[in-house]
Protein chains: 2
Amino acid sequence: MKRSGPVLVHSQPFPEIDWRNQILQGHCVTEMERLPAESVDVIFADPPYNLQLGGDLMRPDHSKVDAVDDAWDQFESFQAYDAFTRAWLLAARRVLKPNGTLWVIGSYHNIFRVGASLQDLGYWILNDIVWRKTNPMPNFRGKRFQNAHETLIWASRDAKAKSYTFNYEALKASNDDVQMRSDWLFPICSGGERLKNEDGAKAHPTQKPEALLARILLASTKPGDVVLDPFFGTGTTGAVAKRLGRDFVGIEREEEYVKIAQQRIADVEPLDDDDLKMAAGKRAEPRVPFASLVEAGLVTPGTELTDSKRRYRARVRADGTIAVGDDAASIHRIGARVQGLDACNGWTFWHVKEGKNLTPIDELRQLARQRMATAAIA
Amino acid sequence: MKRSGPVLVHSQPFPEIDWRNQILQGHCVTEMERLPAESVDVIFADPPYNLQLGGDLMRPDHSKVDAVDDAWDQFESFQAYDAFTRAWLLAARRVLKPNGTLWVIGSYHNIFRVGASLQDLGYWILNDIVWRKTNPMPNFRGKRFQNAHETLIWASRDAKAKSYTFNYEALKASNDDVQMRSDWLFPICSGGERLKNEDGAKAHPTQKPEALLARILLASTKPGDVVLDPFFGTGTTGAVAKRLGRDFVGIEREEEYVKIAQQRIADVEPLDDDDLKMAAGKRAEPRVPFASLVEAGLVTPGTELTDSKRRYRARVRADGTIAVGDDAASIHRIGARVQGLDACNGWTFWHVKEGKNLTPIDELRQLARQRMATAAIA
DNA sequence: GGCTATACTGAATCCAATT
DNA sequence: AAATTGGATTCAGTATAGC
C-alpha cells in the first residue's frame with residue numbers, strides 16, 4: 001500500500017527532511033517556532049478576521065444567515081487581536097527566507113490592523129490585491145454597499161529584499177499580454193469544490209477557492225518552492241501547492257480540519273511539469289451603472305430622455321434615476337411603468353436627443369465601456 | 001456685482017453663519033478645531049502619505065532609508081505618520097455630527113495605518129471601497145502587479161450610530177436595479193478635467209476624479225448637507241458638492257491650491273433642485289396603521305384576508321387587528337404565527353379577494369397614502 | 001431525459017419608531 | 001431607558017423536486 005497523504009509530526013525540532021508536505025497539528029506560533037529559520041519561500045496566511053458580529057441576521061425570505069461565529073474568530077479587543085497578529089507575523093518572519101514573501105488575506109474587519117502590524121515589524125508591502133467576488137452575499141438590509149471583495153497583502157520580508165520571486169512574464173502572458181492588475185475576479189468557493197461533512201454541512205466556514213491560491217502560487221513561487229500556511233484549515237493551500245508542484249507545510253489546530261485536509265491532499269494529482277501554466281481567471285465584464293454615465297458627464301442631470309417614437313419623456317436626475325413627474329426610479333422601471341409593462345430594458349428603450357436625431361442611451365453605455373476598456377499607454 | 005467664489009476666513013472662532021461654502025487656508029487640525037462641534041454631515045479626506053511634520057520628513061514609502069538603522073527609522077516615521085493621522089481623525093470626529101460619516105482614501109502605503117487608527121479612535125467601519133482604475137499607470141519595472149486601485153474607507157462616528165445617511169434605493173436604481181457593490185470602476189482624472197498650470201504641468205499631483213466624489217456624495221449625503229474636506233487641494237470635493245446642491249467646507253494649506261480651487265468652484269453651475277431629488281424607497285413613506293384602512297372604509301370589519309396561495313385565512317376586526325379563531329393581533333404577528341415564523345410583513349403577506357383575484361393589502365395602503373396626501377393639500 | 005420551478009447558500013461587524 | 005413592535009430587505013449560483 002502506498003503512502004499517499006501527509007503525516008503529522010510531533011518530534012522537536014524537525015529534522016530537515018521531515019517537515020515538508022506535512023500538516024503540523026498545533027498552534028501557529030508554537031509550530032512555526034519549531035521550524036528552521038529561513039526555510040520557506042512563501043507564506044500564505046488566512047488568519048481569523050475578528051468579525052465582531054452582533055445578533056442574528058435574517059434574509060428577506062426569513063432564513064437565517066449561517067454566520068462565522070466560531071470560537072477561533074473571537075477576540076476580546078483590538079489590542080488582543082493585534083497581539084495575536086504580531087506574534088504570528090514575527091514567527092512567520094523568522095522562518096521566511098531572506099527573499100521570501102508573505103501573503104495575508106482579510107476583510108475590512110482585520111486587514112488594516114494586519115497591514116499596519118506587518119509594516120511595524122519590518123515587512124515591506126509589495127502590493128495590496130483585491131479579490132473581487134463574482135457572487136458575494138448581498139447586503140440584506142440595504143444599509144451598506146454590498147461587501148463584494150476581500151483584500152490580500154503581498155509583502156517581502158525586508159524593505160531591501162529585491163530578488164523575491166515574481167513571475168511577471170508568465171502572468172502577463174496568461175492575461176492577454178497585458179500585465180496582471182491588482183484587482184482579481186474569482187467566484188467564491190462553492191459547488192463541488194466546497195468540502196462537505198457527512199451531513200452535507202460545509203466542512204469549514206471560510207474555505208478559499210483554489211483558483212485564488214493558484215494565482216498566488218503561480219505569481220510568487222517557482223516549482224519546488226516551499227509554501228507555508230499557518231492557518232491551514234481544510235488545506236486549500238496544500239492541495240493547490242501539490243497540484244502545482246510546490247512543497248507545502250500546513251499548521252492547523254483543529255484535528256477535524258487536519259483529517260479532512262490530509263484526505264483532500266492525498267487525492268490531488270500533481271500536474272505534469274509541462275502543464276504548470278495558469279488557468280486564466282474570468283475577464284471582467286464591466287457592468288456600467290447608468291449612474292456612471294451621469295457621473296462621467298455623458299448624460300447630464302436634467303437631460304430629457306424619450307423613446308424612439310417620442311411618445312414618452314423622462315428627466316435624468318443627479319442620483320442616476322430618471323423621473324416622470326414625481327415618479328422616479330431606474331431607467332428600466334420607469335420605462336416599464338410608462339408603457340404599462342412589467343419589464344423594460346431601459347438601455348434600449350430610452351434615447352437622448354442629439355440635434356434632430358435620437359441616440360439610444362445604450363450607445364452612450366458602449367462609449368463608457370470603451371473608455372473604461374482603454375488602457376493608458378505609458 | 002455678485003459674489004461668485006468662496007472666501008477665506010481668518011477670524012476665530014467662526015460664527016455659525018460664516019464657515020459654509022468657504023475655503024479655510026491653514027493646517028487641517030488647527031482649522032477643524034475652530035469649527036463648531038457636531039456641525040458637518042460627511043467628511044471626505046484624501047490625506048498625504050508623504051508629508052512634512054514638525055520639520056521632519058515623513059517617509060513611509062520607499063524613500064532613502066539609512067542603511068545603519070533602517071528598522072528604527074521606519075518605526076520612527078510610521079510613528080510620526082500615525083500621530084498625524086490620529087490628530088486629524090480626532091479633530092474630524094469632533095466636528096462630525098453624531099450620525100455623520102467619514103470617507104478616507106489612500107493606497108497601500110498609508111491606508112492600513114489610517115484604518116487601524118480610525119478603529120482605535122472609535123470610528124466604526126461601514127465598508128471598504130475599492131476604486132478600480134480603468135487606466136492606471138503600468139508597473140514599469142515588471143517587479144510587481146500593476147497597482148490598479150485605491151482604497152476608500154467609509155466609517156460612522158460611532159459603532160452604535162445607526163441612522164447615518166445611505167441612499168440605498170437611489171444607488172440601486174442607478175445600477176440596473178441591483179445593489180451597489182464595494183468595487184467601483186472609474187477612470188483616473190485626466191483630459192479636460194485635469195487642472196493645469198500656465199506651463200501645462202498638472203496643478204495638483206493627486207487630483208481625484210469628480211465622478212468618484214459624485215458617487216460618494218450621492219451615496220452618503222442629502223441635498224443641503226455639509227461636507228468637510230480637510231485636505232482640499234484643488235477643490236474637487238467643493239466643486240462636486242456645489243454642483244450637487246451640498247454645502248462644503250474646505251481646508252487647505254497651500255495658497256496656490258486655494259486660489260485654483262476658488263476659481264474652479266466659482267465656475268461651477270449648481271444643478272436644479274428637481275434634478276437633485278433622491279430616489280427613496282418604502283422606508284421613506286409615511287407609516288400607515290392598518291387600523292386607518294379600516295377606519296377609512298378601505299377594508300371593512302369582517303373581511304376575510306388570505307395569503308397569495310390561499311393557505312391561511314384571517315378575519316379583520318374593527319379595531320384594526322386581525323383574528324384567526326380567537327387569536328387576534330396585528331397583521332404582522334398573525335402572519336408570522338400562521339406560518340410558524342418569528343416575523344412577517346403583513347402588508348405583502350395578506351390579500352383581499354376582489355372577484356376571483358387577490359389584491360395585497362399593500363395596494364390598499366398605497367391608496368390610503370394617496371388619499372392622505374390629497375387631504376393634506378386640501 | 002429534459003425542462004421548469006423551488007429551495008438553499010455564501011467571512012455580515014445589516015433597523016427604527018414607539019411604548 | 002429598556003423592551004416591544006412595525007415592517008423593510010437579496011445576488012449569483014448550485015442543488016433538488018416536480019412535471
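By convention in this document, chain letters (A, B, ...) are assigned in the order of the sequence lines, proteins followed by strands, and residues within each chain are numbered from 1.
- The local environment of CZ in B:Arg317 is crowded, with over 12 non-hydrogen atoms from other residues, nucleotides or ligands closer than 6.0 Å.
- For A:Glu150, the listed nucleotide lying nearest its side chain is C:dA11; candidates were C:dA12, C:dC14, C:dA11.
- Residues satisfying the side chain to side chain contact (heavy atoms under 4.5 Å, CB included) criterion with A:His332, sequence neighbours excluded, are A:Ser330, A:Asn345, A:Trp347, B:Asp176, B:Asp177.
- B:Ile125 comes within contact range of at least one nucleobase, with a heavy-atom separation under 4.0 Å.
- Contact annotation: A:Lys143 does not reach the phosphate of C:dA12 (side-chain N/O to OP1 or OP2, under 4.0 Å).
- A:Pro209 comes within 4.0 angstrom of no nucleic acid atom, judged by non-hydrogen atoms across all strands.
- Between A:Phe186 and A:Trp184, the ring-plane angle classifies as perpendicular under the 30° and 60° cut-offs.
- Between A:Leu195 atom CG and C:dT9 atom P there is a gap of 17 Å when expressed in whole angstrom units.
- Here the P atom of nucleotide C:dT9 and the CG atom of A:Asn197 are 13 Å apart, to the nearest Å.
- Below 30°, between 30° and 60°, or above 60°: for A:Phe84 and A:Phe75 the angle between ring planes is between 30° and 60°, a tilted geometry.
- When the C1' atom of C:dC14 is taken as reference, atom CG of A:Asn147 falls 11 Å away, rounded to whole Å.
- Take the nearest nucleotide of DNA chain C for B:Ser163 and for A:Gln207: the residue whose nucleotide is more 5' is A:Gln207.
- Considering only side-chain N and O atoms, B:Arg181 lies nowhere under 4.0 angstrom from the phosphate OP1 or OP2 of D:dA12.
- Checking C:dC14, C:dG10, C:dA11 against every side-chain atom of A:Leu57, the shortest atom distance belongs to C:dC14.
- At the heavy-atom level, A:Thr206 lies under 4.0 Å from base atoms of the strands shown.
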Using nucleotides 4-9 of chain D, report all nitrogen or oxygen pairs with the protein that are shorter than 3.5 Å.
residue: D:dG6; atom: OP2; partner: B:Ser330; partner atom: OG; Å: 3.1
residue: D:dG6; atom: N7; partner: B:Arg333; partner atom: NH2; Å: 3.4
residue: D:dG7; atom: OP2; partner: B:His332; partner atom: NE2; Å: 2.7
residue: D:dG7; atom: OP2; partner: B:Trp347; partner atom: NE1; Å: 3.0
residue: D:dA8; atom: OP1; partner: B:Arg365; partner atom: NH1; Å: 3.2
residue: D:dA8; atom: OP2; partner: B:Asn345; partner atom: ND2; Å: 3.4
residue: D:dA8; atom: OP2; partner: B:Arg365; partner atom: NH2; Å: 2.8
residue: D:dT9; atom: OP1; partner: B:Glu169; partner atom: OE2; Å: 3.4
residue: D:dT9; atom: O2; partner: A:Phe140; partner atom: O; Å: 3.2

Report each atom pair, protein N/O against N/O of nucleotides 14-18 of chain D, whose distance is under 3.5 angstrom.
none

- Task: Convert the base pairs of DNA chain D into dot-bracket notation, remembering that pairs crossing earlier ones are written with [ ] and that bases paired across to another strand are shown as |; include only Watson-Crick or G-U pairs under 3.5 Å.
- Result: .|||||....|||||||||
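- Rounded to whole Å, the C1' atom of C:dC8 lies 13 Å from the corresponding atom of D:dT10.
- With hydrogens and angles left out, the side chain of B:Lys162 and the base of C:dA17 share no donor-acceptor pair within 3.5 Å.
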- What do the steps show when you test B:Arg132 against B:Glu150 for salt bridge (charged side-chain N to carboxylate O under 4.0 Å, His left out), and what is the final call? CA-CA 7 Å; B:Arg132 303 174 51 225; B:Glu150 293 190 28; over 6 Å; no
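- Between A:Trp88 and A:Cys28, the closest heavy-atom pair is CB-SG, 4.0 Å.
- A cation-pi arrangement, defined by a distance under 6.0 Å to the six-membered ring centre and an angle within 45 degrees of its axis, is present between A:Lys143 and B:Tyr164.
- The residue A:Gly55 sits close to a base: some heavy atom pair falls under 4.0 Å.
- With hydrogens and angles ignored, the 3.5 Å screen pairs a side-chain donor or acceptor of B:Thr303 with a backbone N or O of B:Thr300.
- A:Trp131 comes within contact range of no nucleotide atom at all, as no heavy-atom separation falls under 4.0 Å.
- We find that CG of A:Leu212 is positioned 13 Å from C1' of C:dA11, with the value rounded to whole Å.
- Residue-level contact check: B:Val178 touches the backbone only, with heavy atoms under 4.0 Å from sugar-phosphate atoms and none from bases.
- Considering all non-hydrogen atoms of both residues, A:Gly233 and A:Ala261 come closest at O-CB, 4.0 Å.
- DNA chain D lies under 4.0 Å from no heavy atom of any residue of residues 318-328 of chain B.
- In this structure, B:Arg181 fails the cation-pi test against A:Phe145, since its NZ or CZ atom is not both closer than 6.0 Å to the six-membered ring centre and inside 45 degrees of the ring normal.
- C:dC15 atom P lies 14 Å from atom CG of B:Asn99, rounded to whole Å.
- With sequence neighbours left out, the side-chain hydrogen bond (donor to acceptor under 3.5 Å, both in side chains) criterion links B:Glu169 to B:Arg283.
- Here the separation of D:dA12 from C:dC14, taken at their P atoms, is 22 Å to the nearest Å.
- Note: CG (A:Leu53) to P (C:dA11) measures 13 Å, nearest angstrom.
- We find the CG-CD distance between A:Asn110 and B:Gln119 to be 8.5 Å, quoted to the nearest 0.5 Å.
- The distance between atom CE of A:Met137 and atom C1' of D:dA12, rounded to the nearest whole Å, is 12 Å.
- The side chain of A:Lys133 places no N or O atom within less than 4.0 Å of a non-bridging phosphate oxygen (OP1 or OP2) of D:dA12.
- To the nearest 0.5 Å, the span separating OG1 on A:Thr237 from CG on A:Asp229 amounts to 3.5 Å.
- By the 30° and 60° cut-offs, the orientation of the rings of B:Trp154 relative to B:Trp103 is parallel.
- Crowding of A:Asp326 atom CG: a count of heavy atoms from other residues, nucleotides or ligands under 6.0 Å not exceeding 12.
- Nearest heavy atom pair, residue A:Glu254 against residue A:Trp72, reads OE2-CD1, 4.4 Å.
- Residue B:Asn175 is classed as having no contact, given no heavy-atom separation below 4.0 Å to the nucleic acid.
- One atom, NZ of A:Lys202, and another, P of C:dC8, lie 15 Å apart when rounded to the nearest Å.
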